[in-house]
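Working notes for the structure below.
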Amino acid sequence: MIYSPADALALAQQHPERQVVFFAIGFETTTPPTALLIKQAQALGLRNFSVLCCHVLTPSAIASILESPEVRRWGTLPLDGFIGPAHVSTIIGTRPYEFFAEEYRKPVVIAGFEPLDVMQAILMLIKQVNGGQALVENEFSRAVSRDGNRKAQQLVSEVFELRRSFAWRGLGELPYSALRIRKEFADFDAERRFAVGYQAVADHPACECGAVLRGVKRPQDCRIFGKVCTPENPVGSCMVSSEGACAAHYSFGRFVEVSDGSDVRVTCVAPDLAVTP
Ligand code: SF4
């Protein structure tokens, strides 16, 4: 495990006799540093460094949630709105969310990760829901703009291209939801260099992450929540990071089970960052 992608490059430089493969994961936030890394490796002429690219795209996850079977079956999704992730939005901006607000009539509020940010975003969502509105609002205006970080976007499009399909934990196979390295940088693409094949690994049969992400179920509806699946032993993606719906509910929500019948459900669009208050 390394702290920064740059550490992988340093390792390759320190050990020219070894092949160093950087396993690059994450949403739009972590993609620009990987692009930079590949360009640096190219500039340095490194022959023992490559990247296994598993970067994914947030708007594709939203589209998947909005086009889920529940929508087709019932004509609507039991979600009132979306909390857009701040870190991703610093890169892509708020513009990509506008389609979802306009087409699906679901409000979106971009929120920071501090408790006050999340509370403010939920308040903004509730005001929209009560007012019958479906807008994209930006709670995290101190770092997120409508257009995002153009320089980072340009860097990413120079190094990466869309992958036709990618398997997500909880959401399954999603078309055009991930990135791969362009052939101009093939020397640094571990998939090309080592003929790596993907093998799908099924989610745990009891895991309800997909339903939790779509707002159809709550974390406590999963029969292994808090028993087999805990933050110390995460079984599904929603329990992996502290911001995940199941991990957040395990840490806080299960102690404040209050229901007055006026249920508002929101979800964060990044699968490992879902919040279902
Ligand atoms: S993350 Fe764990 S508790 Fe949550 S739905 Fe998946 S298996 Fe169940």
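Numbers for residues simply follow the sequence, beginning at 1. Just so you know, ligand 1 is whichever comes first in the structure, and atom 1 is the first atom listed for that ligand.
Applying the salt bridge (charged side-chain N to carboxylate O under 4.0 Å, His left out) test to E161 and every residue at least two apart in sequence or in another chain returns R180, R182.
The closest side-chain heavy-atom distance from I110 to P85 is not below 4.5 Å.
Side chain to side chain, E28 and T58 meet the donor-acceptor criterion of an N or O pair below 3.5 Å.
Counting only protein atoms, the N, O or S atoms lying less than 2.8 Å from atom 4 (Fe) of ligand 1 are C246 SG, ordered by chain and residue number.
In this structure, the ring of H87 has its center less than 6.0 angstrom from the ring center of F113.
Taking 4.0 Å as the cut-off between side-chain N and carboxylate O, D80 and K106 do not count as a salt-bridged pair. A salt bridge does not link E208 to R223: none of the charged nitrogens lies less than 4.0 Å from a carboxylate oxygen.
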